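Would you mind keeping the following structure in view while I ask a few things?
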Amino acid sequence: MSDRRKFIKLSMLTSAALLAGKKLFANTAPDPEYKYPVVKDAAVVVSTWDFGKEANAAAWTVLGTGGRALDAVEKGVKVPEADPNNQSVGLGGRPDRDGKVTLDACIMDENSKCGSVAALEHIVHAISVARLVMEKTPHVMIVGDGALQFALENGFKKENLLTEKSEKEWKEWLKTSQYKPVKNIENALPGGKSNHDTIGMVAMDSNGNMSGACTTSGMAYKLHGRVGDSPIIGAGLYVDNEVGAATSTGVGEEVIRIVGSHLVVEFMRQGNDPETACRKAVERIIARNPAAAKEVQVGFLALNKKGQYGAYALQEGFSYSVKNGKVEEVYQAKSVFSSKKQ
Ligand code: SD4
């Protein structure tokens, strides 16, 4: 090929690549509206499930007095962590199949700083260990024995997290040893009280800064060492201070596959409101594996920079709690599948 022909071919290829690039960019460019103006004093906190209401109240003691969202979410999620009757977070959490309570938690602030612990044993406030990882180490994530060692070196107290109640239930479970996540177990307790799982909390403070926290004992009777979505930045939690924040609950394996919380934030960046962004992420799970999606629960919860919030779940029964200057409520999220429709 002559040099001239080579040159023409190359410039044609380059133009085609540029055009393709332009098209690609046009498809992924952020909505021009995505940089929301900061609404002063628009402090708000949202969290998963109905027990989030109590956690939100604790977070509000920080947000309502002009404090930082990061401090608010840590303080908020410490409430269910310390509650022995909440069998899915911290003290009293259901153990793995070997009878060990192993905790997963992560935290993220308005500067994209983040910290995480996974498969952590014997420490009630996994979220505070995650925060310490964020603030005192060059790392994002510390797991297992290393996480315990780090916590103990930093003054955390070693405790037995397995309560009598959780131990009794585990021994009962051992009789069959059937491992299958039960969808909608959140409706199982009398009086409509939640029996689910994992607190994910995201908040915006009165300076318009966002943070999030997520903490759990994970799926009950999991394999020892199993880690879910909750401590994984982007899966169980994601915060982008320009756009918004999201968190998830449910079967973590499904959330990790689609990097769920990050996906929700990206959908918001494209101009979707929080509920639509959550619905689109749920639909992505279904698109990946329609048959499996019918059998499990996953819920997403999101907050944007305007202080708007929304949620969506695979199955009915996912509730979320909201607190701002005007509202203190528990809402039922919409879902794709419903027992009424089936
Ligand atoms: C996990 N996502 O470990 C957590 C559990 C959960 O509702 O949120 N259940 O997979």
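In listed order, ligands and their atoms are each counted from 1. Everything numeric in this text was worked out from a predicted model, so none of it was measured. Along the sequence shown, the residues carry numbers beginning at 1.
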Are Gln270 and Glu266 close enough that a side-chain donor and a side-chain acceptor fall under 3.5 Å?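 Not at all, the side chains of Gln270 and Glu266 share no donor-acceptor pair under 3.5 Å.
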Can you name the atoms of ligand 1, numbered from 1 with element, that are less than 4.0 Å from a heavy atom of Thr249?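 Per the distance check, 6 (C), 7 (O), 8 (O), 9 (N).
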Please list, in number order, the atoms of ligand 1 under 4.0 Å from a heavy atom of Ser230.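 Once the distances to Ser230 are compared, the set is 2 (N), 4 (C).
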Transitive ILVMFWY side-chain link Val143 to Phe156, under 4.5 Å: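 Each belongs to a different hydrophobic cluster.
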N/O to N/O below 3.5 Å, does that happen between Gly250 and ligand 1?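 By distance alone, the answer is yes.
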Using the rule side chain to side chain contact (heavy atoms under 4.5 Å, CB included), only one of Met108, Glu135, Met210 pairs with Leu70; which is it?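 The side chain to side chain contact (heavy atoms under 4.5 Å, CB included) with Leu70 is passed solely by Glu135 among Met108, Glu135, Met210.
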Suppose the criterion is salt bridge (charged side-chain N to carboxylate O under 4.0 Å, His left out): which pairs have a residue in residues 214-224, not counting sequence neighbours?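 Output for this query is empty, none listed.
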Ligand 1 and Arg226, any nitrogen or oxygen pair closer than 3.5 angstrom?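 N/O-N/O distance under 3.5 Å: yes.
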Selection from Ile256, Thr198, Asp229, Thr215 by shortest heavy-atom distance to atom 8 (O) of ligand 1: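 Going through Ile256, Thr198, Asp229, Thr215 one by one, Thr198 has the nearest heavy atom to atom 8 (O) of ligand 1.
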Would you say Gly218 and ligand 1 have an N/O pair spaced under 3.5 Å apart?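 N/O-N/O distance below 3.5 Å does not exist for this pair.
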Under the side-chain hydrogen bond (donor to acceptor under 3.5 Å, both in side chains) criterion, do Asn56 and Ser47 qualify, and how do the steps go? CA-CA 7 Å; Asn56 286 354; Ser47 55; 2.7 Å; yes
Close approach of Gln297 to ligand 1, heavy atoms, under 4.0 angstrom: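 Gln297 does not count as a contact of ligand 1 under the 4.0 Å cut-off.
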Mind checking whether Trp60 and Val62 sit in one hydrophobic cluster, side chains of I, L, V, M, F, W, Y counted as touching below 4.5 Å?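 Trp60 and Val62: separate clusters.
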